[in-house]
Amino acid sequence: MLKHIKKSFALTNKYIILATPLILFSLFSSLYILFSSRGNLINLLIAACLFILMLTAFLAGWSYMLKLCVSKEETNEDANLLIKEFPAGVGEYFLPVLGLLFNVFIVSGIIFALFHFIGMKFIGNPNISVQDLSQALTSIESTAKFLESLSPEQLTRLYAWNIIIAAGLGIEYFLLLFCLPALSFKSHNPFKAFLLSIKDLFSKSFFKNVLLYLILFISYVILSFLTSLFGLNVVTHFIFTLVNFYYLVYIAVLVYAYYYDNFIRVGGKFDERV
């Protein structure tokens, strides 16, 4: 695992151009959501569909860049030329990624239904309205007042529901860990790629896969804590924004490099079962 961590740092620094599509997508999507979050239900549905298409185009082009980044042999070619491959990736992977997002939607729905059933059966309804909960999250003061207004039983159930939700999200993210790499390297068929990613996830490398996931999870928690703690003024906020973008590029490269070395180029040779 240490080898992949070092290799991914080197690749991220070399192909830092990978951050450009991520930053642009983050900027444009934030502006789009800001200006399209008003209107009636029909307008919101259209805006949501357009956002999904934007996300699909971004993931298609970016995943192709990541594939080339980790699979390219050492050359003297300018690393910044990798950005020119983004449109080719959109053309080749747009429909497969759209199908993969449909799979993600189905998996998310199943996991949500399962953990909702578990929560209702073993924890029960905390009797807190969605409107009150959303208003409580608008500020720290509102959250404090909201928590003070709850009974001890409601607080216990609320904390238990937080654990259930965190567990559900953790399992979902783990199941989806290799979806995009499998689509990029093994099959353009999104349903086949999803099944192959699950097969690879629970293969003989299962414990290594869990270790990779734990590294990603722990590093994300640490960075989120540092960002919330130190990103309080304009300067530190800007610095931690850049750090977060670098981190997102790095973990994407790490997952792709790990998948390529363990499930594509096995033992220095390409896996003929692909």
Side-chain angles (χ1 to χ4, degrees), residues 1-16 18-19 21-22 58-60 62-72 82 89 93 96-97 100-101 103-104 107-108 110-111 115 163 165-187 190 192-227 243-271 273-274:
M1 186 61 66
L2 185 61
K3 177 187 71 173
H4 292 104
I5 292 174
K6 291 181 179 179
K7 175 183 177 181
S8 299
F9 267 120
L11 287 173
T12 302
N13 293 330
K14 179 179 179 181
Y15 293 101
I16 195 62
L18 284 165
L22 179 63
F58 162 70
L59 290 176
W62 204 48
S63 62
Y64 185 61
M65 291 176 65
L66 287 166
K67 174 184 177 180
L68 296 179
C69 166
V70 302
S71 60
K72 271 188 173 185
L82 186 65
Y93 288 99
V97 170
L100 189 64
L101 289 179
N103 291 343
V104 171
V107 171
S108 300
I110 293 173
I111 292 177
F115 278 83
I163 295 173
I165 293 171
L169 290 175
I171 291 174
E172 179 183 1
Y173 294 156
F174 180 68
L175 293 176
L176 300 176
L177 184 62
F178 294 145
C179 282
L180 268 178
L183 188 75
S184 299
F185 287 111
K186 289 195 170 184
S187 176
K192 183 178 179 181
F194 177 74
L195 294 177
L196 288 171
S197 71
I198 297 297
K199 177 185 174 183
D200 292 334
L201 193 64
F202 291 94
S203 65
K204 61 182 180 181
S205 299
F206 174 74
F207 292 105
K208 287 174 60 179
N209 300 338
V210 172
L211 177 60
L212 172 68
Y213 182 73
L214 289 176
I215 290 173
L216 299 179
F217 174 76
I218 293 172
S219 60
Y220 173 76
V221 170
I222 293 173
L223 181 58
S224 298
F225 175 75
L226 293 176
T227 300
V243 171
N244 275 274
F245 278 122
Y246 180 88
Y247 171 77
L248 290 174
V249 174
Y250 171 73
I251 62 171
V253 172
L254 175 59
V255 171
Y256 265 74
Y258 174 89
Y259 191 82
Y260 181 72
D261 288 342
N262 286 276
F263 302 105
I264 305 300
R265 193 175 61 178
V266 182
K269 298 181 180 180
F270 287 96
D271 187 357
R273 296 169 297 172
V274 176

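Nothing here was measured: the structure is a model prediction, and the numbers come from that model.
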Open item on the list: Please identify which of these residues, V253, I251, L254, meets the side chain to side chain contact (heavy atoms under 4.5 Å, CB included) condition with T12.
Closed with: V253
Task: Test item: L214 and F174 side chains (from C-beta on) under 4.5 Å apart, heavy atoms - done: no
- [ ] Compare all side-chain heavy atoms of Y15 with those of M65 and state whether any distance is below 4.5 angstrom.
- [x] no
Open item on the list: If you compare all heavy atoms of A257 against all heavy atoms of H4, which two are closest, and at what distance to 0.1 Å?
Closed with: O-CD2, 4.1 Å
Open item on the list: Within the structure provided, determine whether Y259 and L66 are in side-chain contact (heavy-atom separation under 4.5 Å).
Closed with: no
- [ ] Check whether any side-chain heavy atom of L183 sits under 4.5 Å from a side-chain heavy atom of S63, and report yes or no.
- [x] no
Open item on the list: Ignoring hydrogens, what is the shortest heavy-atom contact between K186 and F263? Give both atom names and the distance.
Closed with: CE-O, 3.5 Å
- [ ] Taking only Lys NZ, Arg NE, NH1 and NH2, and the carboxylate oxygens of Asp or Glu, determine whether K3 and D261 approach each other closer than 4.0 Å.
- [x] no
- [ ] Starting at CZ of F245, measure out to CD1 of I16 and round the result to the nearest 0.5 Å.
- [x] 11.5 Å
Open item on the list: Checking S219 against Y247 for the side-chain hydrogen bond (donor to acceptor under 3.5 Å, both in side chains) test, could you report, in this order, the C-alpha distance in whole Å, the side-chain angles of both residues, the deciding distance, and whether it holds?
Closed with: CA-CA 9 Å; S219 60; Y247 171 77; 2.7 Å; yes
- [ ] Please name the pair of heavy atoms, one in L11 and one in C69, separated by the smallest distance, quoted to 0.1 Å.
- [x] CD2-O, 3.8 Å
Task: side-chain contact (heavy atoms from CB on, under 4.5 Å) between L226 and V243, intermediate numbers included - done: CA-CA 11 Å; L226 293 176; V243 171; over 6 Å; no
Open item on the list: Please check if the number of heavy atoms outside F206 that lie under 6.0 Å from its CZ is greater than 12.
Closed with: yes
Open item on the list: Within the structure provided, determine whether Y260 and P181 are in side-chain contact (heavy-atom separation under 4.5 Å).
Closed with: no
Task: Approximate separation, where rounding is to 0.5 Å, of L212 CG and S205 OG - done: 11.0 Å
TODO: Determine the interplanar angle of the F9 and Y250 rings, folded into 0 to 90°, and report it as parallel if under 30°, tilted if 30 to 60°, perpendicular if over 60°.
DONE: parallel
Open item on the list: Once you measure the plane-to-plane angle for Y256 and F185, does it fall in the parallel (<30°), tilted (30-60°) or perpendicular (>60°) bin?
Closed with: tilted
- [ ] Specify the closest pair of heavy atoms between P190 and L100, including all atoms of both residues, with the distance to one decimal.
- [x] CB-N, 3.4 Å
Task: Backbone N/O of S187 and side chain of K192: donor-acceptor pair under 3.5 Å - done: no
Open item on the list: If you define the side chain from C-beta out and look only at heavy atoms, does anything of V255 sit under 4.5 Å from L216?
Closed with: yes
Task: Step-by-step side-chain hydrogen bond (donor to acceptor under 3.5 Å, both in side chains) determination, N13 to Y246 - done: CA-CA 9 Å; N13 293 330; Y246 180 88; 2.7 Å; yes
TODO: With rounding to the nearest 0.5 Å, note down the distance linking CG in L195 to CG in D200.
DONE: 11.0 Å
Task: I165 vs F115 side-chain heavy atoms within contact, under 4.5 Å - done: no
Task: Distance, nearest 0.5 Å, that separates SG of C179 from CG of L201 - done: 9.0 Å
Open item on the list: Just so I know, are the side chains of N209 and F178 near enough to count as touching, which here means a heavy-atom distance under 4.5 Å?
Closed with: yes
Task: Distance-minimising heavy-atom pair for W62 and L248 - done: CH2-O, 4.1 Å
